[in-house]
There are 2 protein chains.
Amino acid sequence: MEKQEFKSRIYNELSALTKAMSNPFRLQIIDLLAQGSRTVEEIAGQLSISIANTSQHLQVLKSANLVTVYKQGHYAHYRVASDEVVRSWHSLRDLGINRLAEIDRTLRQFREERESFESISIDELLQKIEQGNVMILDVRPQKEFAAGHITGARSIPIDQLAQRLAELSGEKETVVYCRGPFCVFADDAVQMLTQRGIPSRRLEEGFPDWKIRNLPVTALI
Amino acid sequence: MEKQEFKSRIYNELSALTKAMSNPFRLQIIDLLAQGSRTVEEIAGQLSISIANTSQHLQVLKSANLVTVYKQGHYAHYRVASDEVVRSWHSLRDLGINRLAEIDRTLRQFREERESFESISIDELLQKIEQGNVMILDVRPQKEFAAGHITGARSIPIDQLAQRLAELSGEKETVVYCRGPFCVFADDAVQMLTQRGIPSRRLEEGFPDWKIRNLPVTALI
DNA sequence: TATTTATTCAATAAATCTATTGAATGATTG
DNA sequence: CAATCATTCAATAGATTTATTGAATAAATA
């Protein structure tokens, strides 16, 4: 094999892989599947796009070996092909968060409107856990909490939070987390808690970040 | 800001960032700039494409904040905007190497043709260095060696290696490295050494991988 | 076996990406 | 100040990507 052909083959393949990721909906799909497997219907609902379109995007991801599928009953369940896919996605995501002014501006604006001014990183949370003075609140849907959550976290899905605020004393500082830095559940929760005088901050990252770092995780059977 | 708009903004930005990387030539440019800054002319020469086309690709990378430029005399010098860019590129690169059968096949075929069957990882090299029985050979051009190399490595640029084989005794095992897993200098060197009965293997990764891990590096003034 | 249901496929037009060409720019040099 | 030189810009045609639509498929259910 000629050197020229070797390089062109390699970089063409890598470009195809990158191209498969380089679409806003497909990035959202990867981010969603980092939580766990999902059916086509669930993904389409989450992204608010048509089933046919979702299916096509999934075919692209599958041809690039970024996701795999297994069928069960009527449904096709998609999942990420490996943790490495999530790692690459997080690497791009963090590059964007740290270096794109427009993303920083959007995040800031969105959170300031919700009075969620300050976030806390996983590393900072780990310190607080060691000190023992923190309450970790998982506001994702019950199913996702059951599939896996930060060990020691308490579950109050965001759509139940308003009615269940009394359960939260506010003795300890509350750290709220959800699916990731672009998941809005935690921001909504912080807004709600702040308005009731319960001091809280959102976790900058999400559950997949915690899990992929092999930090302690609990699943309900 | 509506949630819908928030997500669409964020993922559109991230998709644009990813799209800026998703072209074979632009990936080659990033890989090259991971070595250090280069002029437009040098990049074009390396990729064997026209200056105008190179310039256009560089504009794309620049708009995405992946590279920066500074002018000196007649020349525009481009460099990666931060180490994080290199990290993301490596993450994608390794995802491809580990999960795309076609890349694995191409790498294998190319190296087998050069009798470079086995490579050694940075982690394995570190162990060997500790044991003290390894000779590290840098076969990149002199300039790149001068700009920074693995501390303790010896420099014989690939185009001088044939004449200077006598300098290599073969007492210790030789590990050859160059720019990265797709750099062919090291494979050529291993082929040459193997044919002369000097046992050698190539380093799987390259100098940028070593440097980005903050392992010991030496530069010549 | 016929029907239902989730998903995939195929065709299409609009938008975007790409390499090429040759001219324009603008800083440095003589 | 004119000439030189590296780089960028602009225009363009061909290729690829995208969302939409409606039909096709194939497994499960009645």
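Convention: sequence-line order gives letters A, B, ...; per-chain numbering from 1.
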* To do: State whether a side-chain donor-acceptor pair under 3.5 Å links A/Asp31 with B/Tyr11.
  => yes
* State whether A/Tyr70 places a side-chain N or O below 4.0 Å from either non-bridging phosphate oxygen (OP1 or OP2) of C/dT7. => no
* Asked: Roughly how many Å is it from OH in A/Tyr75 to C1' in C/dT8, rounded to a whole number?
  -> 16 Å
* To do: Nearest whole angstrom, please: distance from the C1' of D/dT7 to the CD1 of B/Ile49.
  => 14 Å
Using a cutoff of under 3.5 Å, can you pull out all pairs of nitrogen or oxygen atoms linking the protein to nucleotides 9-12 of chain C, with atom names and distances?
none

* Asked: Atom CD1 of B/Ile51 to atom C1' of D/dC5: distance rounded to whole Å?
  -> 11 Å
* Could you check how far CG of A/Leu27 sits from C1' of D/dT18, rounded to whole Å? => 15 Å
* To do: Side-chain contact test, heavy atoms from C-beta onward, threshold under 4.5 Å: evaluate it for B/Thr106 versus A/Met1 and give yes or no.
  => yes
* To do: Report which part of the nucleic acid B/Thr54 touches: base, sugar-phosphate, or nothing (heavy-atom distance under 4.0 Å, all strands).
  => nothing
* To do: In sequence, state the C-alpha distance, the side-chain angles, and the governing distance for B/Arg105 and B/Glu102, and then conclude on salt bridge (charged side-chain N to carboxylate O under 4.0 Å, His left out).
  => CA-CA 5 Å; B/Arg105 208 175 309 127; B/Glu102 174 60 21; 2.6 Å; yes
* To do: Could you state the atom-to-atom distance from CD of B/Gln72 to P of D/dT7 in whole Å?
  => 12 Å
* To do: Starting at atom NE2 of B/His57, determine the distance to atom C1' of C/dT18, rounded to an integer number of angstrom.
  => 7 Å
* To do: Would you please confirm or rule out a distance under 4.0 Å between OP1 or OP2 of D/dT18 and any side-chain N or O of A/Asn23?
  => yes
* Structure fact -> Separation of C/dA19 atom C1' from B/Leu58 atom CG, nearest Å, is 15 Å
* Structure fact -> So ring pair (Phe, Tyr, Trp, His ring centres under 6.0 Å) across residues 60-81 of chain B, not counting sequence neighbours, yields B/Tyr70-B/His77
* Can you check whether A/Tyr78 has a side-chain N or O nearer than 4.0 Å to OP1 or OP2 of C/dT8? -> yes
* Structure fact -> So salt bridge (charged side-chain N to carboxylate O under 4.0 Å, His left out) across residues 151-163 of chain B, not counting sequence neighbours, yields B/Arg154-B/Glu167
* **B/Thr218 and B/Thr151 side chains, donor-acceptor separation under 3.5 Å** => yes
* Structure fact -> The answer to which of A/Ser50 and B/Lys71 contacts DNA chain D further toward the 5' end, by nearest nucleotide, is B/Lys71
* **Short side-chain donor-acceptor distance under 3.5 Å, B/Gln46 and B/Glu42** => no
* **Whole angstrom value for the distance that separates P of D/dC5 from CD of B/Glu42** => 18 Å
* Have a look at B/Lys19 and say if it touches a base, only the backbone sugar-phosphate, or nothing, with a 4.0 Å heavy-atom cut-off. => sugar-phosphate
